[in-house]
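For reference, the structure is listed below as structure tokens.
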Amino acid sequence: MGLAPFLEVAMKIEHPNAQPLTQAELEDLEKLEHLIKQAVIDGKVTPYELQQINVAIHADGKVLFQELDLVQRFICEKLNHGQIGFER
């Protein structure tokens with residue numbers, strides 16, 4: 001059987017029980033996106049900036065996959081491709 005069928009299923013992300021985001025969640029996402037973009041605008045991200053982003057994500061007591069997606073797209077992928085650096 002191999003891994004091919006598993007990989008095809010594992011790569012497809014579905015959220016069948018996802019509820020529409022509330023107005024407050026949409027506003028929080030917008031604020032988070034702005035915070036992330038401000039953090040990377042200088043081409044690097046610092047531990048302090050990551051801490052601020054983490055605090056913003058957890059501020060309402062829950063973590064949305066959309067919040068994680070923002071971090072993935074604007075920080076993780078850019079770090080992995082050398083588009084931004086990490087300042088210690």
Side-chain angles (χ1 to χ4, degrees):
M1 180 167 166
L3 288 176
F6 171 75
L7 291 175
E8 289 176 22
V9 173
M11 295 174 86
K12 186 175 182 181
I13 299 173
E14 294 183 11
H15 304 281
N17 297 323
Q19 299 294 319
L21 297 177
T22 66
Q23 185 62 36
E25 290 170 334
L26 290 170
E27 290 170 9
D28 288 346
L29 275 175
E30 194 173 304
K31 290 176 189 174
L32 178 63
E33 183 174 352
H34 179 74
L35 180 63
I36 291 171
K37 287 181 176 181
Q38 286 300 117
V40 300
I41 200 165
D42 61 356
K44 62 184 184 291
V45 64
T46 66
Y48 177 75
E49 290 166 333
L50 290 176
Q51 180 184 19
Q52 296 257 284
I53 291 165
N54 191 40
V55 167
I57 289 172
H58 290 89
D60 61 359
K62 58 187 171 187
V63 178
L64 302 174
F65 78 90
Q66 292 93 336
E67 293 170 323
L68 298 177
D69 182 60
L70 287 175
V71 172
Q72 177 68 28
R73 285 188 293 130
F74 291 108
I75 297 178
C76 297
E77 287 180 10
K78 290 183 178 196
L79 281 169
N80 288 337
H81 291 106
Q83 297 170 322
I84 62 172
F86 182 73
E87 185 179 286
R88 295 190 188 273

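Sequence positions, counted from 1, serve as the residue numbers for this chain.
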Nearest 0.5 Å, what's the [atom1]-[atom2] distance between [X] and [Y]?
X: Lys37; Y: Ile41; atom1: NZ; atom2: CD1; answer: 9.5 Å
X: Gln72; Y: Leu79; atom1: CD; atom2: CG; answer: 10.0 Å
X: Leu64; Y: Asp69; atom1: CG; atom2: CG; answer: 11.5 Å
X: Phe65; Y: Leu70; atom1: CZ; atom2: CG; answer: 10.5 Å
X: Arg73; Y: Glu33; atom1: CZ; atom2: CD; answer: 6.5 Å
X: Gln66; Y: Asp28; atom1: CD; atom2: CG; answer: 11.5 Å

Contact summary for [X] and [Y], nearest pair of heavy atoms:
X: Lys62; Y: Asp60; answer: O-OD1, 2.8 Å
X: Ile36; Y: Phe74; answer: CG2-CB, 3.4 Å
X: Ala56; Y: Leu32; answer: CB-CD1, 4.1 Å

Review point. Below 4.0 angstrom, N of the basic side chain to O of the carboxylate: do Lys31 and Glu27 qualify?
Key: no

Which of Val71, Ile75, Val55 passes side-chain contact (heavy atoms from CB on, under 4.5 Å) with Leu50? Answer is Ile75

Contacts satisfying salt bridge (charged side-chain N to carboxylate O under 4.0 Å, His left out) that involve residues 79-88 (not counting sequence neighbours) are Lys44-Glu87

Item checked: In one Ile/Leu/Val/Met/Phe/Trp/Tyr side-chain cluster, 4.5 Å: Leu29, Val63 -> yes

